[in-house]
J.: 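Here it is: the structure, laid out below.
The figures here come from the full heavy-atom set of this structure, side chains too, leaving out hydrogens, waters and symmetry mates.
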There are 2 protein chains.
Amino acid sequence: MVYQKTEKVKAKLSSKRKKIIEVTREILAENSYRETSIKAIATKAGIATGTFYLYFSNKDVLIDTMVEEMYQELLVEIKKERSKHSDIFDKLEASMQTCIKLFVKEENLAKIFLVKLPGINNAFNKKLAEIERDLIKLTKKDLDDLKGKGFLPEQDTLVSATAFVGTFRQVLISWLKEGEPRDLESAFQTLMQYNMRGLGKKG
Amino acid sequence: MVYQKTEKVKAKLSSKRKKIIEVTREILAENSYRETSIKAIATKAGIATGTFYLYFSNKDVLIDTMVEEMYQELLVEIKKERSKHSDIFDKLEASMQTCIKLFVKEENLAKIFLVKLPGINNAFNKKLAEIERDLIKLTKKDLDDLKGKGFLPEQDTLVSATAFVGTFRQVLISWLKEGEPRDLESAFQTLMQYNMRGLGKKG
DNA sequence: CCAAGAAATGAACTTGAATTCATTTTTAGG
DNA sequence: CCTAAAAATGAATTCAAGTTCATTTCTTGG
């Protein structure tokens with residue numbers, strides 16, 4: 001006979017899965033991929049190492065799943081904030097503001113995306129590249145829109161979008177690694193101005 | 001009795017050391033740190049695994065040495081090119097131009113600095129952070145100089161320098177990962193304009 | 001050419017982490 | 001409360017890479 005899971009058990013399984021992802025984020029943010037061992041994850045999640053494999057088929061699937069969930073978390077937030085505005089400049093600003101805010105709130109997410117993920121291996125490198133390309137394309141869309149409406153002068157919007165994202169990325173990395181700028185919110189203002197001038201915003 | 005090394009032997013030892021660093025660059029640029037095994041390095045360098053340890057005490061020392069040499073290679077080149085100009089804007093442009101040119105010429109150097117190194121482990125992360133901080137400080141010095149002479153409006157030059165470097169970094173990463181922009185030299189021009197506007201260059 | 005020192009070799013050893021699996025504990029439902 | 005399924009356990013296994021070392025090959029200088 002096949003047993004039905006009770007709600008209580010389903011909740012327990014689901015919360016355990018969440019816990020695994022949660023502690024993985026915490027550990028990976030502060031340690032290397034190698035140091036982020038299944039044993040360390042299991043211990044911190046309060047389970048046996050073998051139990052881990054009931055939830056994820058292997059370590060790479062875990063990281064992949066975690067990254068994908070983090071990215072979706074970011075996208076959902078961005079879309080929500082963008083929808084509050086109608087002006088494209090405001091939407092664009094909302095996108096960046098949202099990234100900054102989320103990265104400040106969930107520093108481990110920032111550390112994993114900006115610092116840890118790149119070097120793990122080729123597979124993750126590719127995944128990360130895809131995510132970055134997506135975010136740059138999102139930005140490019142706004143720039144194309146603005147250019148089409150005559151708010152920006154003629155320019156290679158792919159390069160501009162890449163540069164735009166790059167300024168934020170570099171400042172975030174510096175903030176993560178050096179703790180500078182101390183006040184990310186005020187740096188955000190400076191950066192928006194820098195980029196608006198860089199784009200040649202009219203008016 | 002202690003034997004003297006002949007010039008021929010010295011040259012052989014030195015070229016073997018160089019070869020090890022050279023193949024490490026090649027392998028690390030295309031593979032993960034883990035995949036960059038001593039065995040793979042030794043094989044490609046045409047030596048036995050044990051021989052490797054006659055040249056470097058361990059793997060981390062090898063990587064550290066390699067990174068340091070690559071960085072010095074970059075600095076020497078930058079200084080050489082900067083010295084050809086007297087105008088600060090020209091010096092600044094020369095710095096970035098030099099980075100781009102070297103990265104194009106030695107793509108494995110670019111891949112290692114921009115893509116691989118970040119995630120290896122904390123020690124290398126710190127080393128890389130130092131290098132990046134150095135380069136941003138170099139840029140900041142130029143900006144302070146320009147600001148002092150009234151060529152740039154009042155601004156937080158650390159944030160500007162970080163943003164400035166960030167635009168180049170992001171475009172380089174995109175170029176490495178996506179092959180876009182195809183023409184890095186022309187993207188360089190676009191980026192310089194973007195940043196000059198961003199900085200609020202007068203005239 | 002020879003003997004001792006230097007360099008090179010690669011199999012063997014060591015280490016540490018990923019994954020498996022026989023066993024135990026918990027849960028479902030009669 | 002009982003039994004079979006499900007979930008959890010953690011010691012044992014596997015695997016891969018870093019490092020060592022006894023042995024071999026090459027080099028120096030008499």
J.: Starting from the 5' end of DNA chain C, give me the residue, A:N58 or A:E7, whose nearest nucleotide shows up first.
T.: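 Between the two, 5'-proximity favours A:N58.
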J.: Once you round it to whole Å, what is the distance between P of D:dA6 and NZ of A:K16?
T.: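 Rounded to whole Å, this separation is 17 Å.
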J.: Using a 4.0 Å heavy-atom cut-off, does A:K8 contact any base of the nucleic acid, only the sugar-phosphate backbone, or nothing at all?
T.: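 Since no nucleic acid heavy atom lies under 4.0 Å of A:K8, the category is nothing.
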J.: Measuring from atom CG of A:L74 to atom CD of A:E77, what distance do you get when rounded to the nearest 0.5 angstrom?
T.: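 Rounded to the nearest 0.5 Å, the CG-CD separation comes out at 8.5 Å.
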J.: To the nearest angstrom, how far is B:I38 atom CD1 from C:dT15 atom P?
T.: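 It is 18 Å, rounded to the nearest whole Å.
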J.: What's the CG-P distance between A:L54 and C:dT24, to the nearest Å?
T.: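 Going from A:L54 (CG) to C:dT24 (P), I get 17 Å.
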J.: Rounded to whole angstroms, how far apart are OH on A:Y53 and P on D:dA6?
T.: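 Interatomic distance, OH of A:Y53 to P of D:dA6: 23 Å.
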J.: Quick one: B:N121 CG to D:dG18 C1', roughly how many Å, whole number?
T.: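 B:N121 atom CG is separated from D:dG18 atom C1' by 15 Å.
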J.: Using whole Å, what does the distance between atom P of nucleotide D:dA16 and atom NZ of A:K59 come to?
T.: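 Interatomic distance, NZ of A:K59 to P of D:dA16: 15 Å.
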J.: Do the ring planes of A:F113 and A:Y71 sit parallel (below 30°), tilted (30 to 60°) or perpendicular (above 60°)?
T.: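 Perpendicular.
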J.: Can you tell me the distance, in whole Å, between the NZ atom of A:K39 and the C1' atom of C:dG16?
T.: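 In whole Å, C:dG16 C1' lies 10 Å from A:K39 NZ.
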J.: Report yes if some heavy atom in the side chain of B:L13 is under 4.5 Å from a heavy atom in the side chain of B:Y55; otherwise report no.
T.: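 B:L13 reaches B:Y55 side chain to side chain.
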J.: Using the closest heavy atom to pick a nucleotide of DNA chain D for each, name whichever of B:K5 or B:R34 lands nearer the 5' end.
T.: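 So the residue in question is B:R34.
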J.: Of B:V9 and A:I47, whose closest DNA chain D nucleotide lies nearer the 5' terminus?
T.: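 It is A:I47 whose nearest nucleotide is closer to the 5' end.
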J.: Nearest 0.5 Å, please: how far is NZ in A:K116 from OH in A:Y33?
T.: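 If we round to the nearest 0.5 Å, A:Y33:OH and A:K116:NZ are 13.5 Å apart.
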J.: Has the side chain of B:Y3 got a donor or acceptor atom sitting under 3.5 Å from an opposite partner on the base of C:dA4?
T.: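 Side chain to base: pair present.
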J.: Would one find a side-chain N or O of A:T51 under 4.0 angstrom from OP1 or OP2 of D:dT9?
T.: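 The answer is yes; a side-chain N or O of A:T51 sits under 4.0 Å from OP1 or OP2.
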J.: Regarding B:S37, tell me which of base, sugar-phosphate or nothing describes its non-hydrogen contacts under 4.0 Å with the strands shown.
T.: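 The answer is sugar-phosphate, as B:S37 gets under 4.0 Å only of primed atoms, P, OP1 or OP2.
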J.: Please check the phosphate of D:dA8 (OP1 and OP2 only) for any side-chain N or O of A:Y55 closer than 4.0 Å.
T.: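 Checking A:Y55 against D:dA8: at least one side-chain N or O falls below 4.0 Å of OP1 or OP2.
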J.: Do any side-chain nitrogens or oxygens of B:K12 fall under 4.0 Å of OP1 or OP2 in D:dT27?
T.: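 B:K12 to D:dT27 OP1/OP2: side-chain N or O found under 4.0 Å.
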J.: Between A:K147 (side chain) and A:Q155 (backbone), is there a donor-acceptor pair under 3.5 Å?
T.: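 Yes, A:K147 side chain to A:Q155 backbone: donor-acceptor pair under 3.5 Å.
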J.: Figure out the CZ/P separation between A:F56 and D:dA8, and round it to whole Å.
T.: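 That distance rounds to 13 Å.
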J.: Are OP1 or OP2 of D:dT19 and a side-chain N or O of B:T49 less than 4.0 angstrom apart?
T.: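 B:T49 to D:dT19 OP1/OP2: no side-chain N or O under 4.0 Å.
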